[in-house]
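Have a look at the structure below before the remarks.
Values below: every heavy atom of this structure, side chains too, minus hydrogens, waters and symmetry copies.
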There are 4 protein chains.
Amino acid sequence: MPSEPSAAGRPRDPDLSGRLMTAALEEYTRTGWASFSMQGVARRAGVGKSALYLRWATKELLLVDSLESVTRPLVMDPNTGSLHGDLLEVASSLLQFYLGPVGWVTMRVAMDIAVEEPELHAADLDAYQTKVVGMHRAAISKILTSAVERGELNAGADKRSMASCLFGGVVVHSMALSPSERERACADPRAEMESMVAFVVRGIRPEPSSGPGPAVLESGDADGLRLQELL
Amino acid sequence: MPSEPSAAGRPRDPDLSGRLMTAALEEYTRTGWASFSMQGVARRAGVGKSALYLRWATKELLLVDSLESVTRPLVMDPNTGSLHGDLLEVASSLLQFYLGPVGWVTMRVAMDIAVEEPELHAADLDAYQTKVVGMHRAAISKILTSAVERGELNAGADKRSMASCLFGGVVVHSMALSPSERERACADPRAEMESMVAFVVRGIRPEPSSGPGPAVLESGDADGLRLQELL
Amino acid sequence: MPSEPSAAGRPRDPDLSGRLMTAALEEYTRTGWASFSMQGVARRAGVGKSALYLRWATKELLLVDSLESVTRPLVMDPNTGSLHGDLLEVASSLLQFYLGPVGWVTMRVAMDIAVEEPELHAADLDAYQTKVVGMHRAAISKILTSAVERGELNAGADKRSMASCLFGGVVVHSMALSPSERERACADPRAEMESMVAFVVRGIRPEPSSGPGPAVLESGDADGLRLQELL
Amino acid sequence: MPSEPSAAGRPRDPDLSGRLMTAALEEYTRTGWASFSMQGVARRAGVGKSALYLRWATKELLLVDSLESVTRPLVMDPNTGSLHGDLLEVASSLLQFYLGPVGWVTMRVAMDIAVEEPELHAADLDAYQTKVVGMHRAAISKILTSAVERGELNAGADKRSMASCLFGGVVVHSMALSPSERERACADPRAEMESMVAFVVRGIRPEPSSGPGPAVLESGDADGLRLQELL
DNA sequence: AGCTAATCGAGACGGTACGTCGTGTCTTTTC
DNA sequence: GAAAAGACACGACGTACCGTCTCGATTAGCT
């Protein structure tokens with residue numbers, strides 16, 4: 001959604017906005033935020049800077065729009081009929097997303113927003129945080145609501161905490177993978193998420209009967225938490 | 001802890017590092033990350049740029065050190081006797097940490113490391129990651145080990161997923177708070193974390209009595225996930 | 001006199017040329033030549049740039065037309081009966097002209113033409129030069145011709161040098177005046193030119209009685225003229 | 001004379017100012033004032049823009065200094081013993097100067113000064129006008145003063161007008177030459193100036209005896225004043 | 001005491017990006 | 001079918017900061 005176009009005069013090139021957002025994402029993923037520049041995006045897209053500034057006043061706004069444009073297609077409304085199935089769907093989707101460059105960018109921008117003083121570009125970027133990251137957490141929340149309807153979850157449960165745990169778990173997991181693990185996760189995200197979803201679902205079940213016993217979690221390797229695994 | 005000083009030659013001004021970190025914090029709190037510049041810090045401190053570059057190679061490292069220097073150490077060694085109590089201690093400490101500017105920067109740098117190509121700055125930043133996140137890692141490892149000893153957690157459990165969920169949950173929670181919620185969370189971080197920790201502990205308990213539910217679906221096909229092709 | 005309008009198609013807004021020239025003059029007087037821009041004129045007039053470029057190819061041409069439109073024609077056809085009187089008339093007219101903004105721009109453009117490579121803009125600008133400077137040329141030619149008829153000037157005289165001296169003298173004089181002298185010159189241009197014209201007329205008089213003086217030296221060698229080698 | 005250098009800190013590269021001025025002149029003569037840009041000068045010299053802006057705040061000041069640096073060597077203090085000889089020396093020197101690119105530039109800048117609003121860069125550029133163009137006119141004035149001492153000129157003569165006429169005549173002449181005439185003038189500037197100097201000297205002589213007679217001027221061609229000849 | 005070696009202020013330097021502005025061309029709609 | 005309006009590629013503006021560098025002036029410990 002670039003800024004309001006006008007009626008009279010030469011109309012804007014309809015393809016250009018898309019090309020610019022694509023170029024912006026390429027630029028960002030290649031160089032990171034620190035070297036993300038309007039100049040660079042224009043260069044990469046083979047256009048003048050005016051074409052950019054006509055549509056987006058700052059590079060933040062450009063990046064936000066660009067991210068949104070590729071995030072939107074991520075439909076997060078599974079309906080497998082079970083809490084476990086729904087969460088597995090969403091979790092593996094999210095993992096796939098945050099393993100890709102757009103996911104990286106999304107998290108980094110979200111962080112930049114969190115770091116930024118509120119009075120600065122707050123208005124511009126807050127909407128983004130709500131839209132993109134919030135969307136993901138909202139998807140999980142929705143699944144939890146369905147679970148309440150099916151009786152799989154107490155109505156009074158803290159759905160926000162649950163959603164944060166799963167969402168955060170996925171994100172942190174995606175960041176902590178070694179290159180070889182990364183490859184494996186890309187190849188089969190559902191298998192990658194199976195264990196974590198099972199863990200979360202177990203926490204979600206409304207009323208656990210007491211009786212402790214041996215867990216059936218098949219673990220990962222139990223060699224303690226390496227630094228990379230933690231973060 | 002600025003970079004290794006040398007033996008011979010004129011010794012460093014012992015006060016200067018402190019003055020520079022103070023100036024860095026003033027600069028950061030006044031203008032935010034976006035306008036945080038080495039030049040600005042030097043200007044504010046009334047020194048040349050060399051005094052900065054002799055101690056810190058990048059502004060990230062400077063800021064991290066500066067923030068660290070004013071942060072009291074987290075409570076990372078709880079011993080409440082129960083898994084729930086220990087995790088609540090750690091979770092609230094982490095929340096407190098990631099609500100403050102030190103936590104923001106820490107996450108930012110961690111993300112930069114995760115995203116960065118391994119060959120770039122790896123040596124520089126890995127040391128940092130170890131330093132800052134090290135205590136978190138040690139604390140969580142210790143808690144989980146204690147839980148295994150107490151029989152609250154199966155030795156073969158996927159500790160990695162559990163840690164990711166708790167850690168990620170706390171971080172995401174801290175990022176998603178509105179200003180007013182933020183204030184509340186700062187005031188009483190334990191209350192803020194109570195619900196999430198309870199949820200996690202429930203998931204951790206070793207053996208659920210009943211079956212895991214009808215979660216045998218093979219997950220349909222990922223309709224709506226055109227993400228990969230869009231990148 | 002904007003460039004040739006066409007017959008068919010949408011007719012030009014008859015008022016627009018005038019409005020544009022007015023806007024150009026406002027812009028020029030407000031900001032000076034350095035910040036005189038087509039864009040600024042278009043903005044001030046509230047029209048698109050095409051309306052300007054359809055009529056004037058360059059901002060010089062626009063400004064010249066605009067200035068011309070508000071300038072009364074010079075007195076360039078004197079007939080006082082004497083060479084001195086005629087030249088005084090023309091010289092003071094020229095002085096007046098080159099003291100005003102129209103004269104400035106005229107000289108600027110003339111210099112651009114003289115400096116420019118012949119193949120560049122030659123066609124465009126030659127027409128302009130003819131139009132603006134044409135009357136000066138006609139007037140001076142006529143005066144010199146009359147002087148020949150009256151016997152005040154030898155038919156074989158180097159009229160070119162004479163004209164250059166007078167014309168150049170006036171222009172240089174107009175450029176070298178201090179603000180206060182400028183004011184005085186505008187108030188009474190004839191008095192300002194009296195001395196110079198007298199000097200020129202003395203040189204023009206056909207035949208000096210005595211010898212030309214001891215000017216037979218072959219001029220030494222040009223010590224101190226290292227200019228050419230320095231370029 | 002770039003702006004005041006400082007005491008402390010790394011000293012300025014002593015050669016750089018010269019290289020920059022050379023690059024500036026190259027740039028100007030190649031492209032004219034309209035396309036004369038700091039950026040272009042920096043590019044040509046292979047330096048950053050900071051090196052330019054450190055020394056000259058505006059491109060006008062840069063150009064002025066650059067011109068001065070090549071104008072200074074033009075020693076204009078002939079001493080042939082006669083008015084005619086002195087003037088011929090100076091006139092041919094000036095002609096040579098104004099036929100070259102530096103001369104073009106000098107005149108154009110002088111015009112820009114005359115055109116500019118007084119309150120703008122007036123302080124900056126006025127000095128230049130006085131220094132460079134004034135220097136040339138002053139040289140002529142000095143010769144005239146010597147002529148007064150030798151009795152070749154009335155003490156009460158309007159030396160300013162005379163200087164303007166000769167100076168202006170030379171400049172206008174240099175601008176009005178066709179390419180072929182230009183070549184001829186460069187080859188032998190004294191011959192080119194002979195006629196004009198003779199004309200001026202005749203005007204200068206203190207008291208003409210009456211008696212008209214046939215001029216000895218060997219004219220140019222007498223076919224009227226073509227436009228180019230006038231300007 | 002003289003030497004060596006580092007610190008430190010200061011600032012030059014080659015780069016690069018900022019966001020604004022102006023250029024001249026091009027592509028539409030409007031009359 | 002030209003006029004008019006705005007999009008567009010291009011590039012300069014002057015400022016700011018980057019990280020490296022070269023200075024001079026300190027300020028120690030080591031011969």
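- Between Arg43(C) and dC21(E) there is no side-chain polar atom (N or O) within less than 4.0 angstrom of OP1 or OP2.
- Rounding to whole angstrom units, CH2 of residue Trp56(A) and P of dC18(E) are separated by 15 Å.
- The CG atom of Leu20(C) sits 9.0 Å away from atom CG of Asp13(C), with the distance rounded to the nearest 0.5 Å.
- Residue Ser50(A) places a side-chain atom within donor-acceptor reach of the base of dA9(F), judged by atom type and a 3.5 Å distance cut-off alone.
- In this structure, the CG atom of Leu16(A) is 14 Å from the P atom of dT27(E), given to the nearest Å.
- Backbone-only engagement by Ser37(A) is indicated by non-hydrogen atom pairs under 4.0 Å involving sugar-phosphate atoms exclusively.
- Taking for each of Lys59(C) and Gly48(B) the nucleotide of DNA chain E with the nearest heavy atom, the 5'-most of the two is the partner of Gly48(B).
- Below the 3.5 angstrom threshold, one finds no donor paired with an acceptor across the side chain of Arg10(B) and the base of dA6(E).
- Between the base of dG6(F) and the side chain of Lys49(C) there is no donor-acceptor pair shorter than 3.5 Å.
- Atom CZ in Arg55(A) sits about 8 Å away from atom C1' in dA7(F), given to the nearest Å.
- Positionally, the nearest nucleotide of DNA chain F for Ala51(C) lies more toward the 5' end than for the other of Pro14(A) and Ala51(C).
- Relative ring orientation between Tyr28(A) and Phe36(A) is described as tilted, the plane-to-plane angle lying within the 30° to 60° band.
- Separating the NZ atom in Lys59(A) from the CE atom in Met38(A) is a distance of 9.0 Å, to the nearest 0.5 Å.
- Using modelled atom types and a 3.5 Å distance limit, the side chains of Ser37(B) and Gln39(B) yield no donor-acceptor pair.
- For the pair Gln39(D) CD and dG22(E) P, the computed distance is 17 Å after rounding to whole Å.
- Asp13(C) has its CG atom 12 Å from the P atom of dA3(F), to the nearest Å.
- With hydrogens and angles left out, the side-chain atoms of Ser17(A) and Arg55(A) include a donor and acceptor closer than 3.5 Å.
- Regarding Tyr53(C), its OH atom lies at a distance of 13 Å from the C1' atom of dC26(E), rounded to whole Å.
- Protein atom CZ of Arg19(B) is 11 Å distant from nucleotide atom C1' of dG9(E), rounded to whole Å.
- Checking dC8(F), dA3(F), dT7(E) against every side-chain atom of Arg12(B), the shortest atom distance belongs to dT7(E).
- Distance CE (Met38(C)) to P (dT25(E)): 11 Å, rounded to an integer number of Å.
- Heavy-atom distances to DNA chain F give each of Pro11(D) and Gly46(C) a nearest nucleotide, and the one nearer the 5′ end belongs to Gly46(C).
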